[in-house]
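Below is one structure, written out as structure tokens; the observations come after it.
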Amino acid sequence: MSETPGYDRDNVFARILRDEIPSDRVYEDGEFIAFRDINPAAPTHIVLIPRGEPPAGPAGLDDGDAGWAGRMFVVASRIAAQEGLAEGGYRLVVNNGPDAGQEVPHLHMHILGGAGLGPIA
Ligand code: 5GP
């Protein structure tokens, strides 16, 4: 992944990546880390983030990002299975911008499950 112009190096997820803020990591590889959300919206709520300096959200993606962005789905489904969510099901959420309530400007995917989640919005 190339560096994203304007990337905020002090955002919370950048600081978690640098271990300046502790996190309960459940997965990591050379491209991604995943950790439990500090304010869970479901019994299981994990945040999956790419390492490096990705765009703030999916609106910043272009064709050159298709490889790692696609692999995020593969990794998310692997983590969901690891967390025991494969049978009951789960929801993957990617927020973009204020109307979605996005707080952290480092592209990320929420993995939610462990109970019936109800309607999307
Ligand atoms: P967004 O709203 O940007 O899509 O999601 C950001 C998520 O990051 C929120 O669900 C929020 O609870 C979570 N979050 C914010 N700060 C921290 C933190 O310091 N540690 C952890 N584990 N999660 C955080």
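Every number for a ligand or one of its atoms is a count from 1 in the order of the listing. If you read the sequence from its start, that first residue is 1, and numbering goes on from there. Everything quoted here is computed from the prediction, not taken from an experiment.
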| 4.0 Å heavy-atom contact, R15 with ligand 1 | no
| task | Mind checking whether V12 contacts ligand 1 via backbone (N, CA, C, O), side chain (CB onward), both or neither, at a 4.0 Å heavy-atom cut-off? | result | side chain
| remark: Nearest non-hydrogen contact to atom 14 (N) of ligand 1 from the set I16, I38, V47, D24 belongs to I38
Top protein contact for [atom], by heavy-atom distance:
{"atom": "atom 8 (O) of ligand 1", "value": "F13 CZ, 3.3 Å"}
{"atom": "atom 1 (P) of ligand 1", "value": "H108 NE2, 3.1 Å"}
{"atom": "atom 22 (N) of ligand 1", "value": "R36 O, 2.9 Å"}
{"atom": "atom 3 (O) of ligand 1", "value": "E103 N, 2.7 Å"}
{"atom": "atom 13 (C) of ligand 1", "value": "D37 OD2, 3.3 Å"}

[Y] reachable from [X] in the ILVMFWY side-chain graph, under 4.5 Å edges:
{"X": "V47", "Y": "V12", "answer": "yes"}
{"X": "F32", "Y": "Y90", "answer": "yes"}
{"X": "V94", "Y": "L85", "answer": "yes"}

For ligand 1, which is the ligand I care about here, please tell me if [X] has any N or O atom under 3.5 Å from one of the ligand's N or O atoms.
{"X": "H45", "result": "no"}
{"X": "G101", "result": "yes"}
{"X": "Q102", "result": "no"}
{"X": "S23", "result": "no"}

| Non-neighbouring partners of Y7 that pass ring pair (Phe, Tyr, Trp, His ring centres under 6.0 Å), sequence neighbours left out | H106
| said: Tell me every residue that passes ring pair (Phe, Tyr, Trp, His ring centres under 6.0 Å) with F35, counting only those two or more places apart in sequence or in another chain. | reply: F13
Is a donor on one side and an acceptor on the other found under 3.5 Å between the side chain of [X] and the backbone of [Y]?
{"X": "Q102", "Y": "A56", "result": "yes"}
{"X": "E83", "Y": "I111", "result": "no"}
{"X": "R51", "Y": "D29", "result": "yes"}
{"X": "N96", "Y": "A59", "result": "yes"}

| said: Pair M72, L107 - check side-chain contact (heavy atoms from CB on, under 4.5 Å), show working. | reply: CA-CA 11 Å; M72 271 188 94; L107 189 150; 3.7 Å; yes
Quick one: which ligand 1 atoms are inside 4.0 Å of a heavy atom on [X]?
{"X": "H110", "result": "1 (P), 4 (O), 5 (O), 7 (C), 10 (O)"}
{"X": "N95", "result": "1 (P), 2 (O), 4 (O)"}
{"X": "N39", "result": "12 (O)"}

